[in-house]
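Remember, it's 1-based here, ligands and their atoms both numbered in the order they're listed.
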Amino acid sequence: MGLNLHDHRSLVARLGLAFLLGWIPNVARAQDLRSGESVGWQGTGSCAAAACHGGRTVPLALKGSEYTFSQAYDPHNRAYSILFDDRSRTIEKNLKHLRTIEEARPFENDTCLRCHVYQGFSSEAKWTRSPDFALADGVSCEGCHGPAGKWLTAHTELGWKGLSDTQKLVDFGMRPTKDLLARGQSCVECHVGLGSTDVNHDLIAAGHPRLFFEYGSQLAKLPKHWKVGDDKRRNPDYEAKVFVLGQLLTAKASLDLLESRAIRSLPADSTSPWPEFAEYSCFSCHHELTPRGWGAANATGSAQRGSLQWGTWSLPLAGILPSDLTGLKADDSSSTFGSLRALMTVADPDASTVAVRARQASADLARLAEKVNQGTIAPEEVRSMLGQSLKFADNGPKLDWDGAARRYLAIVALDKAAADFDPRYSDPAVVNGLEKLYQGLNLPMRVDRRGGIFDSPYRFDPDRVEVEIRSVQAALPNH
Ligand code: HEC
Ligand code: HEC
Ligand code: HEC
Ligand code: HEC
């Protein structure tokens with residue numbers, strides 16, 4: 001994280017932890033992620049001693065085995081080593097217009113390392129890392145728990161347990177990972193992007209996978225070195241809350257990224273693309289229903305600007321979220337998102353205005369996320385949200401791939417949430433219906449003309465997806 005947490009103490013004392021968490025990315029961005037200037041990254045080795053987190057491998061996921069467990073299962077620990085493989089080299093070759101992949105050294109590109117090692121990584125600022133820090137560990141403990149320079153010793157001492165989350169964060173730089181909002185904040189920094197650390201269309205066209213983050217499913221997929229039972233004890237509405245927070249966090253991180261994209265494009269000599277293609281539905285330009293997949297992009301990318309869909313992955317699914325979260329509708333021109341969307345879909349959106357509006361909308365979302373995090377989502381609300389996620393308006397527009405995939409993820413999350421209150425929701429017919437729905441969203445891998453690998457939904461059929469969603473609805477108790 002590119003900031004000296006101490007400098008902000010008095011401000012934090014006034015504004016509180018919640019505000020700080022929403023605010024970290026802005027500070028980091030302001031410094032353009034010249035990170036870690038004053039914070040020490042210690043490296044995984046410092047956590048791995050047998051007496052600390054490297055002990056007791058069996059049974060896994062018990063206290064003390066976090067390191068051994070992560071080494072064996074967590075996909076994050078290969079995040080650096082994959083930068084040596086051909087796919088990464090191809091991305092780098094395409095980006096830098098090199099002749100061969102042998103010349104490409106993505107493992108030395110700070111842009112890659114800021115997500116594939118830690119947020120704000122700088123190869124020049126070597127003094128911010130302990131001599132034992134090993135890039136080879138990939139995204140390691142500190143990527144989620146915070147740089148350990150100030151807390152490594154302190155967290156083993158008597159009295160540490162008595163400190164509040166705010167003290168641990170502000171005085172020591174340790175992130176409150178038990179807090180679902182703070183936890184998700186760390187994920188989106190790498191899984192959505194942060195300031196100039198950006199998987200934009202240039203990177204995607206060079207072969208980087210498109211980033212589509214959904215908190216509930218990503219958290220579920222991650223092999224865990226903690227007990228989800230503890231999460232559920234702290235949050236009886238765990239599944240629903242993670243889903244709702246994820247909607248707000250993903251949107252907020254995307255708006256922060258939009259603001260950064262807009263600002264970066266402003267200087268007269270800027271080489272940052274604007275408007276940034278990755279803001280829009282990929283399928284507005286790449287015609288999904290042809291077997292040629294991505295390669296079928298309109299060469300100018302602009303012939304159909306009028307039909308460009310903005311924010312199809314990132315905007316909150318307003319119709320599904322709890323009814324007291326207002327102001328999120330993108331089809332209402334008086335809402336924050338409505339006015340942004342109107343701006344973003346004109347031929348040449350004014351970057352300064354977009355930056356200002358994006359920042360306002362981000363602040364609105366931070367407030368809503370805080371409210372959700374403090375509250376509890378009631379079982380009736382969960383069932384009502386699940387009902388909404390299965391609904392189709394009569395003669396409404398067909399779902400595109402993004403819309404269908406997000407619906408699927410919402411239904412899975414809310415069905416799990418409902419099942420936590422009422423076991424009848426885990427009916428095999430529902431599970432079976434969801435499985436069929438998932439098959440319909442499959443993205444076959446394809447190889448493009450420059451050797452890049454990408455996923456293309458060229459077999460996607462919106463009618464089939466609608467049928468599957470209706471069959472899930474029919475299988476639910478009391479549908
Ligand atoms: C904004 C953060 C970010 C940046 C910048 C970034 N990546 Fe990634 N990268 C990710 C994430 C997150 C994933 C995992 C995507 C997923 O599976 O959901 C990923 C996945 C990948 C994969 C696929 C890995 C696999 O197991 O299939 C490759 C290859 C890759 N990145 C290479 C690179 C290279 C090379 C660069 C620099 C040119 C780079 N990345 C820059 C975040 C980033
Ligand atoms: C992808 C993010 C992520 C990474 C990487 C990560 N952690 Fe965690 N860790 C979490 C989350 C989330 C929790 C659950 C909340 C909590 O207990 O703080 C957690 C919990 C823990 C706990 C408390 C477990 C318990 O049962 O109370 C320890 C100790 C821990 N992690 C150590 C580590 C170590 C050591 C590493 C590196 C080998 C590591 N973590 C890597 C996210 C991460
Ligand atoms: C410092 C950056 C960073 C942070 C923080 C981070 N990730 Fe990741 N994550 C990555 C990268 C890079 C990859 C790709 C690794 C690869 O495939 O080799 C990845 C891969 C994953 C994967 C496997 C890929 C997939 O989509 O199946 C999951 C799941 C995941 N992350 C979940 C999380 C969650 C949940 C959090 C927050 C608790 C989190 N990550 C925090 C960078 C990060
Ligand atoms: C405004 C139109 C537009 C949007 C929106 C758009 N693209 Fe593209 N895309 C293009 C054009 C034009 C090219 C060819 C030029 C280039 O490589 O940048 C291209 C190239 C690509 C390529 C390289 C394919 C090849 O054969 O060279 C990939 C992969 C790709 N886009 C994926 C995506 C994804 C994923 C998204 C959504 C996140 C997306 N695009 C959004 C217009 C667009």
Seminar exercise, completed: Tightest non-hydrogen contact, residues Pro209 and Val199, listed as O-CG1, 3.9 Å

Problem set entry | Partner of Phe133 under ring pair (Phe, Tyr, Trp, His ring centres under 6.0 Å), chosen from Tyr118, Phe121, Trp41, Tyr80 | Tyr118

For this session: Give the numbers and elements of all ligand 3 atoms closer than 4.0 Å to a heavy atom of Ile82.
Result: 18 (O)

Seminar exercise, completed: Answer key: the N, O or S atom of His201 nearest to atom 8 (Fe) of ligand 4 is NE2

For this session: Ignoring hydrogens, just give me the one of Cys141, Ala182, Ala48 whose non-hydrogen atom is nearest atom 34 (C) of ligand 2.
Result: Cys141

Problem set entry | 4.0 Å heavy-atom contact, Gly143 with ligand 2 | no

Exercise. At a 4.0 Å threshold, what atoms of ligand 4 neighbour a non-hydrogen atom of Cys285?
Worked result: 1 (C), 2 (C), 3 (C), 4 (C), 5 (C), 42 (C), 43 (C)

Exercise. Cut-off 3.5 Å, side chains only: do Gln218 and Glu214 have a donor facing an acceptor?
Worked result: no

Exercise. Strictly under 2.8 Å, is any N, O or S atom of His76 next to atom 8 (Fe) of ligand 3?
Worked result: yes

Exercise. Should the proximity of Ser284 to ligand 4, defined as any heavy atom under 4.0 Å, be assigned to the side chain, the backbone, both, or neither?
Worked result: neither

Exercise. Can a non-hydrogen atom of Leu222 be found less than 4.0 Å from any atom of ligand 2?
Worked result: yes

Exercise. Do ligand 4 and Arg210 have nitrogen or oxygen atoms that lie under 3.5 Å from each other?
Worked result: no

Seminar exercise, completed: Note: Cys187, heavy atoms under 4.0 Å from ligand 3, region reported as both

Exercise. Can you tell me which residue and heavy atom of the protein come closest to atom 29 (C) of ligand 3, and the distance to 0.1 Å?
Worked result: Gln218 O, 3.4 Å

For this session: For the pair Tyr215 (side chain) and Leu248 (backbone), establish whether a donor and an acceptor sit closer than 3.5 Å, ignoring hydrogens and angles.
Result: no

Problem set entry | Protein non-hydrogen atom below 4.0 angstrom of atom 14 (C) of ligand 3 present | no

For this session: Tell me yes or no: between the side chains of Asp237 and Thr376, is some donor less than 3.5 Å from an acceptor?
Result: no

For this session: Run the numbers for me: atoms of ligand 3, each under 4.0 Å from some heavy atom of Leu219, listed by number.
Result: 35 (C)

For this session: Evaluate the side-chain proximity of Phe243 to Ile377: yes if any heavy-atom separation is below 4.5 Å, no if none is.
Result: no

Problem set entry | Heavy atom of the protein closest to atom 5 (C) of ligand 3 (residue, atom name, distance) | Ser186 O, 3.3 Å

Problem set entry | Atoms of ligand 2, numbered as shown, that sit under 4.0 Å from any heavy atom of Arg183 | 12 (C), 14 (C), 15 (C)

Exercise. Taking the non-hydrogen atoms of His116, is any one of them nearer than 4.0 angstrom to ligand 3?
Worked result: yes

Problem set entry | Distance filter under 4.0 Å to Val139 heavy atoms, resulting ligand 3 atoms | 1 (C), 2 (C), 3 (C), 42 (C)

Problem set entry | Angle, NE2 of His225 through atom 8 (Fe) of ligand 2 to NE2 of His145 - 10° precision | 180°

For this session: Could you name the option among Trp310, Tyr280, Phe283, Phe277 that has the heavy atom nearest to atom 42 (C) of ligand 4?
Result: Phe277

Exercise. Under 4.0 Å from ligand 3, counting heavy atoms only, is it the side chain of Glu189, its backbone, both or neither?
Worked result: neither

For this session: Compare all side-chain heavy atoms of Phe337 with those of Asp331 and state whether any distance is below 4.5 angstrom.
Result: no

Exercise. Between atom CG of Leu441 and atom CZ of Arg406, what is the distance when rounded to the nearest 0.5 Å?
Worked result: 13.0 Å

Problem set entry | Atoms in ligand 3 flagged as close to Gln119, the criterion being non-hydrogen separation under 4.0 Å | 1 (C), 5 (C)

Problem set entry | No-hydrogen, no-angle side-chain donor-acceptor test under 3.5 Å, Asp400 and Gln309 | no

Exercise. Any idea which atoms of ligand 2 are less than 4.0 Å away from a heavy-atom of Cys144?
Worked result: 1 (C), 2 (C), 3 (C), 4 (C), 5 (C), 42 (C), 43 (C)

For this session: Could you tell me which atoms of ligand 4, counted from 1 in the order shown, lie closer than 4.0 angstrom to a heavy atom of Ser281?
Result: 5 (C)

Exercise. Just by distance, do the side chain of Lys241 and the backbone of Gly375 share a donor-acceptor pair under 3.5 Å?
Worked result: yes

Exercise. With distance as the sole criterion, is a donor-acceptor pair present between the side chains of Ser260 and Arg264 under 3.5 Å?
Worked result: yes

Problem set entry | Pairing of Arg175 and Glu189 as salt bridge, 4.0 angstrom limit | yes

Problem set entry | Side chain to side chain, Val139 and Cys190, heavy atoms closer than 4.5 Å | no

Problem set entry | Nearest-option assignment for atom 23 (C) of ligand 2, heavy atoms, candidates Glu66, Met174, Arg234 | Glu66

Exercise. Which atoms of ligand 2 sit under 4.0 Å from any heavy atom of Cys47?
Worked result: 35 (C)

Exercise. Counting both backbone and side chain atoms, is some N or O of Asp74 under 3.5 Å from an N or O of ligand 2?
Worked result: no

For this session: Check whether any side-chain heavy atom of Phe460 sits under 4.5 Å from a side-chain heavy atom of Phe283, and report yes or no.
Result: no

For this session: Using distance alone, with no hydrogens and no angle criterion, decide if His53 and Glu66 have a side-chain donor and acceptor under 3.5 Å apart.
Result: yes

Exercise. Which of the atoms of ligand 4 are close to Ala205, meaning less than 4.0 Å from one of its heavy atoms?
Worked result: 17 (O), 20 (C), 21 (C), 22 (C), 23 (C), 28 (C)

Exercise. Can you tell me the protein heavy atom closest to atom 22 (C) of ligand 3 and the distance?
Worked result: Pro75 CG, 3.7 Å

For this session: Output yes if Cys190 passes the N/O/S-under-2.8 Å test against atom 8 (Fe) of ligand 3; output no otherwise.
Result: no

Problem set entry | Minimum-distance protein heavy atom relative to atom 25 (C) of ligand 3 | Lys221 NZ, 3.3 Å

Problem set entry | Presence of N, O or S from Cys282 under 2.8 Å of atom 8 (Fe) of ligand 4 | no

For this session: Please state whether the rings of His191 and His76 are parallel, tilted or perpendicular, taking 30° and 60° as the class boundaries.
Result: perpendicular

For this session: Would you check if the side chain of Glu142 reaches a backbone N or O of Ala148 as a donor-acceptor pair within less than 3.5 Å?
Result: yes

Problem set entry | Side-chain donor/acceptor of His155 to backbone N/O of Leu152, under 3.5 Å | yes

Seminar exercise, completed: Logged contact type for Cys52 with ligand 2, heavy-atom cut-off 4.0 Å, is neither

Problem set entry | Protein contact of atom 16 (C) of ligand 3 - nearest heavy atom, named by residue and atom, plus distance | Arg78 NE, 3.6 Å

Exercise. Against heavy atoms of Lys178, which atoms of ligand 2 measure under 4.0 Å?
Worked result: 15 (C), 16 (C), 17 (O), 18 (O)

Exercise. In terms of the angle between their ring planes, are Trp313 and Trp401 parallel, tilted or perpendicular, with boundaries placed at 30° and 60°?
Worked result: parallel

